[in-house]
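Values below: all heavy atoms of this structure, side chains included; hydrogens, waters and symmetry mates excluded.
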Amino acid sequence: MKRFLWLGFVLSVYLICSGCGDTFRPIIIPNPPIFPNPAGAHTVMSINNNGGVVPGTAMVIDVSGDSVVSIANVGLAPVHSVQQSASEILVANHSAIGTVADSITGLNFSGTTISSTTTISLPPNSAPSYVAVAPSATTAYVTLPGLVPDPSFPGNNAVGVVNTLSSSLTTTVEVGNQPDAIGVTPDNTKFYVANYGDSTLDGFNTADLSPRTINGSFNAPVWVIARNDSQRLYVLNGTTGSPQQDGVVSTIDTTSTAGPDPVIDASVSVPGATFMLYDGNLNRLYIPWFNQSTMLGQLTILDVSQSVPAVLAGGPISACAPMQAISCIPTVPPSTRAGTDPCLSTTEATPLMVVAVTSLPNGTRAYVGAYYEDSNNNICPQVTAIDAASITVTDSTPIPGFPDATIEFLPGGGPDPYYVAACVAPTPPAPYHATFRFMMASGGDSSRAYLASCDAGNVNIVDTSSDTYILNQPAPIGTRAPISPGQLNPPQNPVFLIGGP
């Protein structure tokens, strides 16, 4: 008996010791939801442009009541926003006029309403365009593409480091040309800056702002997202040339404490994409884009739970080609639109453009925002539901159309009365993301999907239980002159949409 006990002991020691070497073992990477968890959002908030000389606004819509519950002024020409905590949202205001400095507006919430605002002043003419923060952190980072920190290097710009407790800019760090987006790892140890102007990516340690080495190359990067576990960073490269070139998603391994951070994958191509949506609950990236070769809008969905991304459903979901009826995003027939919809009488349409996306917090569906332009220069939007499990299109909902607001002059040479400069896609050297013409968001209880339209000046609400359009909430009245005598001034123009507290 003792002999068998002795043999068992020896065997157990062998098994323990054999596990102490360099043998690789798969591990489960924890994936905590990034704070603020969208399931906790009771509101959505649109950031509205009111021209270059009058402050814009933040408009809060209550998910449960489909009503506007709060409006507050922000700065001049707001362009981007991020939720810092369960009761505060930061807004980057892009333009400076005269002696008025660029700024960040802090919106402090009491329940679902804005209780107060704070202003964080930034250097004049620094043109802040993107603000980022780690979950619940008190340090924010803001791109300053108009600020040249060192005259000896005029091709470089800066990122501002902001203390949101003291509402002050504490310092700036020098980055590449035309910084366009920032990604902060959820563990608050690193942040990365995509520099559109010189095709570089800068990395920094948050503790001391020391630079990190990044091994890899980029092409006009425009968007950066960190994975929930802080071990991967995804960089959306821009598209240059004609036909479209590059437009790939670069995956960076950020696990090393000291660095370097290498690019480990660049196999996914999305030419024409300008942003990505990260679903932290399902660990997916949703990327809307337009394929110039097929002239079809598309949505690529990436599974990013593994080391390198994998495209789901065998490839992008495209807008339906002629005679195609399944496994694609269909154009809503004009005949299904309401009698007052200007798109009801459409005689011809340009290709369906896939421009926005949101995912429900309950993980059941994603919603895609798309539009076509009819022969009368009306923008004809729609929202399409996609089952998250099967990656199939389930329904499409028409959204009321409106005149194209990006046409400056009519064919005869006169000014177009519907023109809104804030809705026009910016061109370099302006920041790449100076505005979003369309954006989407979801209600925290997954009961609503929202489509904000810059051209129409409103936020459209879709009931996800039946995939039906409910109504739209116009942005606050703007300062632009009315189109016709006797009319009210047109509404302001939503340029960003975010799930609120």
> Would you call the rings of F191 and F204 parallel, tilted or perpendicular if under 30° counts as parallel and over 60° as perpendicular?
Replying inline: parallel
> Hey, are R365 and D467 close enough for a salt bridge, meaning a charged N less than 4.0 Å from a carboxylate O?
Replying inline: yes
> Please walk me through it: do D62 and S67 pass side-chain hydrogen bond (donor to acceptor under 3.5 Å, both in side chains)?
Replying inline: CA-CA 6 Å; D62 185 5; S67 58; 4.9 Å; no
> Step by step, would you call N93 with S103 a side-chain hydrogen bond (donor to acceptor under 3.5 Å, both in side chains)?
Replying inline: CA-CA 6 Å; N93 306 301; S103 66; 3.0 Å; yes
> Using 30° and 60° as the class limits, which term best fits the ring planes of F438 and Y371: parallel, tilted or perpendicular?
Replying inline: parallel
> Between OG1 of T464 and CG of D395, what distance do you get to the nearest 0.5 Å?
Replying inline: 11.5 Å
> Is the shortest distance from a Lys or Arg side-chain nitrogen in D253 or R232 to a carboxylate oxygen in the other one below 4.0 Å?
Replying inline: yes
> Can you tell which of T164, L122, V82, L169 makes a side chain to side chain contact (heavy atoms under 4.5 Å, CB included) with I104?
Replying inline: L122
> What do you reckon, is OH of Y418 surrounded by more than 12 foreign heavy atoms closer than 6.0 Å?
Replying inline: no
>> Determine whether Q298 and T300 satisfy the following criterion, side-chain hydrogen bond (donor to acceptor under 3.5 Å, both in side chains), listing intermediate values before the conclusion.
In response: CA-CA 7 Å; Q298 296 186 311; T300 293; 5.8 Å; no
>> With rounding to the nearest 0.5 angstrom, report the CG to OG distance, L497 to S442.
In response: 9.5 Å
> Does N177 offer a backbone N or O that forms a donor-acceptor pair with the side chain of D198 under 3.5 Å?
Replying inline: yes
> Parallel, tilted or perpendicular for H80 and Y130, by the 30°/60° rule?
Replying inline: parallel
